[in-house]
Amino acid sequence: MKLEAVEFNNTPQSLRNFQSVFDSMVPGDHEQVVYCYDKVTGLKAIIAIHNTVLGPALGGTRIWNYAHDRDALIDVLRLSKGMTYKAALANLKLGGGKAVIVGDVHQIKTEALLRRYGQFVDTLHGRYITGPDVNTNMHDMVVIARETQYVQSLPGAQGGNDDPSPFTAYGTYLGIKAAVKKVYGTDHLQGKKIGVEGVGKVGAYLVAHLCKEEAQVYVTDVVPERLSAIARAHRVYIVQPDTFYDVPMDVYAPCALGATINDATIARLHCKIVAGAANNQLEEEQRHSRVLFDQGIVYVPDFLINAGGLINIHTDLYHTYSRELAYQHTEAIYDTCLGVLNRSEKEKIPPLVVAEQLAEERICSVQSALRRA
Ligand code: NAD
């Protein structure tokens, strides 16, 4: 619940004040919004296609019990735009899209509803490709795939590219190394104090990479069993969530919920780098990225560092897939991070602004080249 409430606060005013559905598409310059309704299954879904200049719009399907349809629309518009930036910056032949299904996941998630939803996805003929997100998983994708081929992240046993988390974690690990290189002149992590907040799917894989390099890893989680499991597998220091931000560290790696970087936490943070996998880490994107920059804390934009899972999907879509190849492609995140941080330093603007500029530059140059052709 908290995540969503915070995410809406994070939404620019221009997007919250719209008067008509078309007005809502203007601030983000969205291409298409599709409303899906089915009386029999109770399906209410919105698919937002933000931008398809670089390729088909790809993004997961989230199920959430939004208080108002308007909140669902705001969420899907914001998330789909984020996917455009993520794909553009990772140099992928993909655009940005996202979908939300409105309702209580425990009541509405049935085979019938997911298949009906799959039929709607199919009507877009590949302009939108879906995958898992909050409250949907690989098994739900199998059900949706009974109605459409435009689904990703199916289980490996069924010929899919499986759980994206190891690739997201690997990219995050490389992004951390790039930031460490920028700040300390070498990307060796041995002895570096790194705090991983949230040891779920991505966080646990990330800890394994960091421990292999003999970093001093501090972990926290709200689920005690996850902490004991990670402590059994690796040499880590466990910190309780309420004191985590007070621990002096070189790198703070948020891998739990969004909006953990806000006025209250920035005042407590003792770190040189913020680099983690969580989506929407900054409570107020532009302002908090500026505050971090002014305080000399290097922030690696979330949509840049956490693109490994998307790169894995892209590898499956456009290459003869192997996990090795997907890991190889994910390695590009290191150079992209370093490039963004170098330009940030040179132009004296926050890395978030640089990352957004780079994404927009790529989309604009491809768009004008295609227009000329
Ligand atoms: P997950 O649900 O498996 O793990 C999240 C972990 O954070 C859980 O262990 C949870 O208990 C913990 N947590 C929740 N609230 C916390 C708090 N206040 N303090 C400390 N720990 C807390 O999710 P995941 O798939 O590992 O994803 C982690 C983050 O990365 C999310 O923000 C997700 O959106 C983002 N992300 C994930 C992927 C992916 O491939 N899974 C890709 C891109 C971005």
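Numbering of ligands and ligand atoms starts at 1, following listing order.
Residue contacts with ligand 1: Gly309 is excluded, as none of its non-hydrogen atoms falls under 4.0 Å. Judged by the shortest distance from any of its heavy atoms, Gly258 lies outside the 4.0 Å radius around the atoms of ligand 1.
Follow the hydrophobic side-chain contacts under 4.5 Å out from Val100 and you never reach Val105; the two are in separate clusters.
Every atom of ligand 1 with a heavy atom of Leu257 under 4.0 Å away is listed here by number and element: 15 (N). The atoms of ligand 1 that sit less than 4.0 Å from any heavy atom of Asn306 are 43 (C), 44 (C). Within the listing of ligand 1, atoms 11 (O), 13 (N), 14 (C), 15 (N), 16 (C), 17 (C), 18 (N), 19 (N), 20 (C), 21 (N), 22 (C) sit less than 4.0 angstrom from a heavy atom of Val222. Taking a cut-off of under 4.0 Å to the non-hydrogen atoms of Ala278, the atoms of ligand 1 that pass are 29 (C), 30 (O), 32 (O), 35 (C). Listed by number with element, the atoms of ligand 1 under 4.0 Å from a non-hydrogen atom of Val223 are 11 (O). For ligand 1, the atoms sitting less than 4.0 Å from at least one non-hydrogen atom of Arg226 are 8 (C), 9 (O), 10 (C), 11 (O), numbered in the order shown with element in parentheses.
Using a cutoff of 4.0 Å between basic side-chain nitrogens and carboxylate oxygens, Asp302 and Lys86 are not scored as salt-bridged. Salt bridge present: Lys109 and Asp140 bring a charged side-chain N and a carboxylate O closer than 4.0 Å.
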- Task: For the pair Val247 and His270, evaluate side chain to side chain contact (heavy atoms under 4.5 Å, CB included) and give the outcome as yes or no after the intermediate values.
- Result: CA-CA 7 Å; Val247 177; His270 301 274; over 6 Å; no

- Query: Given the rule in the side chain to side chain contact (heavy atoms under 4.5 Å, CB included) test, do Tyr245 and Thr260 qualify, once you have shown the distances and angles that lead to the verdict?
  - Reply: CA-CA 10 Å; Tyr245 302 116; Thr260 60; 3.6 Å; yes

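Residue Val202 has at least one N or O atom closer than 3.5 Å to an N or O atom of ligand 1. Ligand 1 has a nitrogen or oxygen under 3.5 angstrom from a nitrogen or oxygen of Asn279. The N/O atoms of Lys86, backbone and side chain alike, include none that comes under 3.5 Å of an N/O atom in ligand 1. For ligand 1, the polar-atom distance check finds an N/O of Lys201 within less than 3.5 Å of one of the ligand's N/O atoms.
If you look at Thr168 next to ligand 1, the close heavy atoms, those under 4.0 Å, all belong to the side chain.
Closest approach of Asp316 and Gln152 over heavy atoms only: OD2-OE1, 3.6 Å.
Lys193 forms no cation-pi arrangement with Tyr218, by the criterion of a distance under 6.0 Å to the ring centre and an angle within 45° of the ring axis.
Among Asp163, Val196, Asp221, the residue whose heavy atom sits closest to atom 20 (C) of ligand 1 is Asp221. If you check each of Pro166, Gly200, Ala256 against atom 22 (C) of ligand 1, the one with the closest non-hydrogen atom is Ala256. For atom 35 (C) of ligand 1, the choice among Pro164, Ala277, Ala307 with the nearest heavy atom turns out to be Ala277. With atom 5 (C) of ligand 1 as the reference point, the heavy atom nearest to it among Pro254, Pro224, Cys255 is part of Cys255.
A donor-acceptor contact closer than 3.5 angstrom links the side chains of Lys182 and Asn342. A side-chain N or O of Arg362 and one of Asn91 form a donor-acceptor pair less than 3.5 Å apart.
Considering Thr61, Asp122, Thr123 as possible partners of Tyr128, the one that fulfils the side chain to side chain contact (heavy atoms under 4.5 Å, CB included) test is Thr61.
Aromatic pair His209/Tyr205: centroids not less than 6.0 angstrom apart.
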